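Right, one structure below, let's go through it.
Letters go in sequence order (proteins before strands), and every chain restarts at 1. Here the structure is a predicted model, which means the values were calculated and not measured.
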Amino acid sequence: MADLPMDLLKDLGSRGLISQISSEDEFKSHLVSAQRTLYSGFDPTADSLHIGHLVPLLALRRFQLVGHKPLALVGGATGLIGDPSFKSAERQLNTADVVSGWVAKLQGQLEQYLDFNCGENSAVVVNNLEWTGRLSALEFLRDIGKHFSVNSMIQKESVRQRLEREGSGISFTEFSYMILQSYDFAELYKRYGCTLQIGGSDQWGNITGGIDLARRMHQGHVYGLTLPLVTKADGQKFGKTESGTIWLDPNKTSPYYFYQFWLGTADADVYKFLKYFTFMAPEEIDEIEQADLSSGKRPQAQSVLAEAVTKLVHGEQGLSAAVRISSSLFSGDLLELTEADFDQLCLDGLPATDIAGTSLSLVEALVSTGLAMSNRAAREFVEAGAVYVNGRKVENLDARIGLEDSLYGRYIVLKRGKKLFHLMRLT
RNA sequence: GGAGGGGUUCCCGAGUGGCUAAAGGGAUCAGACUGUAAAUCUGACGCGCGAGCUUCGGUGGUUCGAAUCCACCCCCCUCCA
């Protein structure tokens, strides 16, 4: 990380991490002339951050690494309202209790990625409930709302769809979200001298709202920078798989699965993702790309990416666990694993289920381990030759598995399809 | 408050009394080919081994038979006030 270029904006630019910048030239000289304070907001919409949050979070870190002071804002207040930006439908409100529980979890996660003990530019985690929570309706309307023109608010691209599309709509609650986020920026300017907000490009409307408000309320001159939304070459949504979102919380997405997710990155995306999600120098990434192109073999970039991001999120231990499981399952011979290896795989996060009884049908096993949604589906998988027991393909619908199939008298590895493994423990 | 439009299987979206578990597309899954990639091809895609069963916002009706007709209710959208 020491080799991070001093010219931060140039680095961000060559990573493709800059989408929009307000008052660009002015901002550039602002940024290089002194240590600045910046922030990015994270709303509690679930009990964990997911990989989509990594881009702004790492961007905060990138700023910190060159000496700026990052504020990570948790939206204890805004999370109660719901950001309508580019959302096609109104969202269900969560209860205050639920949201405050999520706030606590997010705070813990945010702390992992920033340095809170580096003197002047130590990071700070803030919660907008602190200032928004005690705002009265009259204060909100008189002191803040007065600065906003509805005319300009309805022009925002981010709510256009909701306003114009037949069959859609937007509540006053969500429509007001922008005002709250704008107020955050103004307030952080006042409290911390924060002069920059970063966020995904979908946040541009909310950010510019804050820039205007900081000027109107405090005569502050502040800036906004947006990061690109992560897109995939095949047009699919980034960060979602068949089994759902890729979370940062190891209890929601195991390090093993997390590692596998990155390993499966398409060639068309992998170099871009290296630039987005790692601190490797762009030149170094370009070199990997060149090497992969000329090797004519399977590219290395995916493993580099998977290792870097898994290590960043789950640490050295999480990474080695993920690699250990992956190599036993995909390249090792299962029969060569020792009993201790199996115990370790369980601890490492290989999905496992305890099965009572000495013998059950393969179809039942597939369903009870969740490898198949229903008996019908399970049969289909077996008939299609998609099911392996301890590495051996089984196509017999009536097959039973039990003690005699187990390794060390209790372990059976089921595989469905090319990548999905599940460990059964007989009890 | 008034008038009109709408709620269909993961999503979009056909379907207005039986031929409809419900067209088509997307997503997803599996197989083949590969590199745990992409593209392509093949197949699956409510549940059930099966006879069959349970679905089309909810409840209750009409009918031999309803996603389709009727009543009431809930939710969404548009316009008017």
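Using a 4.0 Å heavy-atom criterion, one finds that A:A266 contacts the sugar-phosphate atoms exclusively. Within the nucleic acid shown, A:Q302 comes within 4.0 Å of at least one base atom, counting heavy atoms only. Base contact: A:F330 has a heavy atom under 4.0 Å from a base atom. Base contact: A:Q260 has a heavy atom under 4.0 Å from a base atom.
A:F277 has its ring centre less than 6.0 Å from the ring centre of A:W262.
For A:N375, taking side-chain heavy atoms from C-beta onward, the closest of the listed nucleotides B:C49, B:U36, B:G35 is B:C49. For A:E380, counting side-chain heavy atoms from C-beta on, the closest listed nucleotide (B:U36, B:A44, B:G35) is B:A44. Nearest nucleotide to the side chain of A:D234, out of B:C49, B:A30, B:A39: B:A39.
Place A:G264 and A:A384 on RNA chain B by their nearest nucleotides, and A:A384 ends up nearer the 5' end. Residues A:S327 and A:G417 each lie close to RNA chain B; by heavy-atom proximity, the contact nearer the 5' end of the strand is made by A:G417.
Across the protein-nucleic acid pair, A:K232 atom NZ and B:A27 atom P stand 11 Å apart, rounded to whole Å. Atom CD of A:E395 is separated from atom P of B:G43 by 19 Å (rounded to the nearest Å). Atom CG in A:L366 sits roughly 13 Å away from atom C1' in B:A30 (whole-Å rounding). Straight-line distance from the CG atom of A:L420 to the P atom of B:A30: 7 Å, rounded to whole Å. Across the protein-nucleic acid pair, A:L293 atom CG and B:G35 atom C1' stand 15 Å apart, rounded to whole Å. What separates CD of A:Q300 from P of B:U36 is a distance of 12 Å, to the nearest Å. When the C1' atom of B:C49 is taken as reference, atom CG of A:N396 falls 14 Å away, rounded to whole Å. In this structure, A:D398 places its CG atom 12 Å from P of B:C49, rounding to the nearest Å.
For the pair A:R298 and B:A37, the criterion of a side-chain N or O lying under 4.0 Å from OP1 or OP2 is not met. Considering only side-chain N and O atoms, A:S374 lies under 4.0 angstrom from the phosphate OP1 or OP2 of B:G48. At the phosphate of B:A30, neither OP1 nor OP2 sits under 4.0 Å from any side-chain N or O atom of A:K393. Distances shown here put every side-chain N or O of A:R376 at or beyond 4.0 Å from the OP1 or OP2 atom of B:C49. Within the 4.0 Å cut-off from OP1 or OP2 of B:A37, at least one side-chain nitrogen or oxygen of A:K419 is found. Put simply, A:K418 has no side-chain N or O that comes within less than 4.0 Å of OP1 or OP2 on B:C29.
Figure legend: A:R425 and A:Y411 shown without cation-pi pairing, the cationic atom not lying both under 6.0 angstrom from the six-membered ring centre and within 45 degrees of its axis. Geometrically, A:R61 does not engage A:Y113 in a cation-pi contact, judged by NZ or CZ lying under 6.0 Å from the ring centre and within 45° of the ring axis.
B:A21 is unpaired under the Watson-Crick or G-U wobble criterion, no partner having all donor-acceptor distances under 3.5 Å. B:G65: no Watson-Crick or G-U partner with both key distances under 3.5 Å is found in any strand. The nucleotide B:A3 finds its pairing partner in B:U78, both defining distances of the Watson-Crick or G-U wobble pair being shorter than 3.5 Å. Using N1 to N3 plus N6-O4 or O6-N4 for Watson-Crick, or N1-O2 and O6-N3 for G-U wobble, each under 3.5 Å, B:A39 pairs with nothing. Across every strand in view, B:C72 sits in a pair with B:G58 that passes the Watson-Crick or G-U test at under 3.5 angstrom. Nucleotide B:G46: paired with B:C53 (Watson-Crick or G-U wobble, both distances less than 3.5 Å).
A donor and an acceptor atom, one from each side chain of A:D341 and A:Y408, are nowhere located under 3.5 Å apart. With no hydrogens or angles considered, no side-chain donor-acceptor pair links A:S85 and A:D202 at under 3.5 Å.
For the side chain to side chain contact (heavy atoms under 4.5 Å, CB included) criterion with A:L305, the lone passing option out of A:T278, A:I288, A:T310, A:D269 is A:T278.
Scanning all heavy atoms of the two residues, the minimum distance from A:A306 to A:L263 falls at CB-N, 3.8 Å.
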